[in-house]
Amino acid sequence: MQRCDWVSDNPLMQAYHDQEWGRPQHDDQKLFELLCLETYQAGLSWQTVLNKRAAFEDDFYHYDIAQVAAMTEADVDRLLGDARIIRHRQKLMATINNAQVLQNWPAGATFNDWLWAFVDGQPIRQAWAHAAEMPATNDLAKQVSKALKKQGFKFVGPTTIYSFLQGAGLINDHQRNCDFAPENQG
């Protein structure tokens, strides 16, 4: 099987690449989870995040937006004692803050619809030959980052958002020779 260059032989990395990365995601709760995972990655490897993903899911109620939004400073203090997760106060607080932003999203609208409007509802296909060609960010990520910050989100810089857009399938950066590139799908 041919995968993108960045995928290691780690089964979690392979499963993430094969089953999630670059696939259009439209569920608000799943989009929230992916955004949270990307915020945890800042300054760390993606493999580190994936290794701790199950613990994060447990600690954050499987990313149920209402339950996470109701968490308090006492919950953060408790989480800081959980060695199974990345214990970074600002990242943990950002998860709660971002859930609160989503909890208070304007009636009649969804985060999914707002987000996908940036790409007119269609994934952007970039078709790189090598992972080294992929940028760390781009103009779209900068635009979405700025809009997210305006909405009140935290820990959503352009590099984090570029990775989020890839993970959520708004940007499909599977390499041309990858079996999971759209042009190689049966």
Side-chain angles (χ1 to χ4, degrees), residues 1-54 56-57 63 86 88 91 94-95 98 102 110-151 153-186:
M1 175 170 292
Q2 184 69 38
R3 292 183 172 96
C4 294
D5 294 345
W6 61 265
V7 181
S8 70
D9 60 359
N10 178 291
L12 290 175
M13 292 283 280
Q14 291 175 353
Y16 175 73
H17 170 270
D18 298 357
Q19 299 164 20
E20 292 182 77
W21 193 72
R23 293 182 186 246
Q25 181 54 249
H26 295 282
D27 178 76
D28 279 357
Q29 184 171 333
K30 186 67 175 175
L31 288 167
F32 173 58
E33 176 187 0
L34 291 173
L35 180 62
C36 292
L37 293 173
E38 293 298 345
T39 64
Y40 307 145
Q41 183 193 4
L44 303 170
S45 74
W46 187 242
Q47 187 166 318
T48 297
V49 173
L50 289 180
N51 289 341
K52 296 179 179 289
R53 187 177 192 177
F56 274 119
E57 286 180 20
Y63 294 97
I86 297 163
H88 186 285
K91 291 177 182 182
T95 299
N98 295 347
L102 289 172
T110 66
F111 179 58
N112 169 70
D113 292 341
W114 178 87
L115 183 63
W116 279 89
F118 284 95
V119 294
D120 296 325
Q122 296 297 315
I124 295 170
R125 175 72 178 127
Q126 300 192 105
W128 308 106
H130 305 284
E133 296 174 335
M134 284 183 225
T137 192
N138 67 6
D139 288 340
L140 174 62
K142 292 173 186 171
Q143 180 185 6
V144 173
S145 170
K146 184 177 179 180
L148 286 167
K149 288 175 184 176
K150 187 175 181 181
Q151 292 287 337
F153 286 87
K154 305 283 187 206
F155 251 89
V156 289
T159 302
T160 296
I161 295 307
Y162 188 81
S163 293
F164 168 65
L165 296 174
Q166 289 174 307
L170 285 84
I171 294 175
N172 188 325
D173 272 347
H174 282 285
Q175 292 167 231
R176 288 192 300 264
N177 66 341
C178 176
D179 289 344
F180 294 90
E183 56 270 23
N184 298 331
Q185 297 288 297

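If you take CG on Asp18 and CZ on Arg3, they are separated by 4.0 Å, rounding to the nearest 0.5 Å. Note: Ile86 CD1 to Tyr40 OH = 8.5 Å, rounded to the nearest 0.5 Å. Atom-to-atom distance recorded for Leu50:CG and Gln14:CD is 11.5 Å, nearest 0.5 angstrom.
Side-chain contact between Gln47 and Leu12: absent, with no pair of heavy atoms (C-beta onward) separated by less than 4.5 Å. A 4.5 Å side-chain heavy-atom check between Trp6 and Met13 finds at least one atom pair inside the cut-off. Contact check for Leu140 versus Phe118: side-chain heavy atoms found under the 4.5 Å cut-off. Using a 4.5 Å cut-off on side-chain heavy atoms (C-beta onward), Val156 and Gln151 make no contact. Inter-residue side-chain proximity for Arg125 and Glu183 is flagged as met; some heavy-atom pair is nearer than 4.5 Å. Annotation: side chain of Met134 is in contact with side chain of Gln166 (closest heavy-atom distance under 4.5 Å). Contact check for Phe180 versus Gln19: no side-chain heavy atoms found under the 4.5 Å cut-off. Using a 4.5 Å heavy-atom cutoff, the side chains of Leu35 and Tyr63 are not in contact.
Pairing each heavy atom of Pro24 with each of His26, the nearest pair is CB-NE2, 3.9 Å. In terms of heavy atoms, Leu34 sits closest to Ala168 at CD1-CA, 3.9 Å. Scanning both residues, Thr95 and Cys36, for their nearest heavy atoms gives CG2-SG, 3.7 Å. Residue Gly22 comes nearest to Asn172 through the heavy atom pair O-ND2, 3.7 Å, listed as atom of the first residue, atom of the second, then distance. What you find for Tyr162 and Pro135 is that their closest heavy atoms are CE2-O, 3.3 Å. Closest approach of Ala181 and His174 over heavy atoms only: CA-CB, 3.7 Å.
With sequence neighbours left out, Ser45 forms a side chain to side chain donor-acceptor pair (under 3.5 Å) with Thr48. Lys30 meets the side chain to side chain donor-acceptor pair (under 3.5 Å) test with Glu20, Glu33; sequence neighbours excluded. Remark: Gln175 engages Asp5 in a side chain to side chain donor-acceptor pair (under 3.5 Å) (not counting sequence neighbours). By the salt bridge (charged side-chain N to carboxylate O under 4.0 Å, His left out) test, Arg176 pairs with no residue at all, sequence neighbours left out. Asp179 meets the salt bridge (charged side-chain N to carboxylate O under 4.0 Å, His left out) test with no other residue; sequence neighbours excluded. By the salt bridge (charged side-chain N to carboxylate O under 4.0 Å, His left out) test, Glu57 pairs with Arg53, sequence neighbours left out.
Proximity of a side-chain donor or acceptor of Asn112 to a complementary backbone N or O of Asp28 within less than 3.5 Å is not detected. Between the side chain of Lys91 and the main chain of Phe155, no donor-acceptor pair closer than 3.5 Å is present.
No option in Thr39, Leu115, Ile171, Thr159 other than Leu115 meets the side chain to side chain contact (heavy atoms under 4.5 Å, CB included) test with Phe164. Under the side chain to side chain contact (heavy atoms under 4.5 Å, CB included) test applied with Ile161, the options Thr137, Leu170, Leu148 reduce to a single match, Leu148.
Residues Trp21 and Trp46 keep their aromatic ring centres 6.0 Å or farther apart.
Ring geometry, Phe111 versus Trp114: the interplanar angle falls under 30°, so the pair is classed parallel (tilted spans 30 to 60°).
No side-chain donor-acceptor contact under 3.5 Å links Asn10 and Tyr16.
The local environment of NZ in Lys149 is crowded, with over 12 non-hydrogen atoms from other residues, nucleotides or ligands closer than 6.0 Å.
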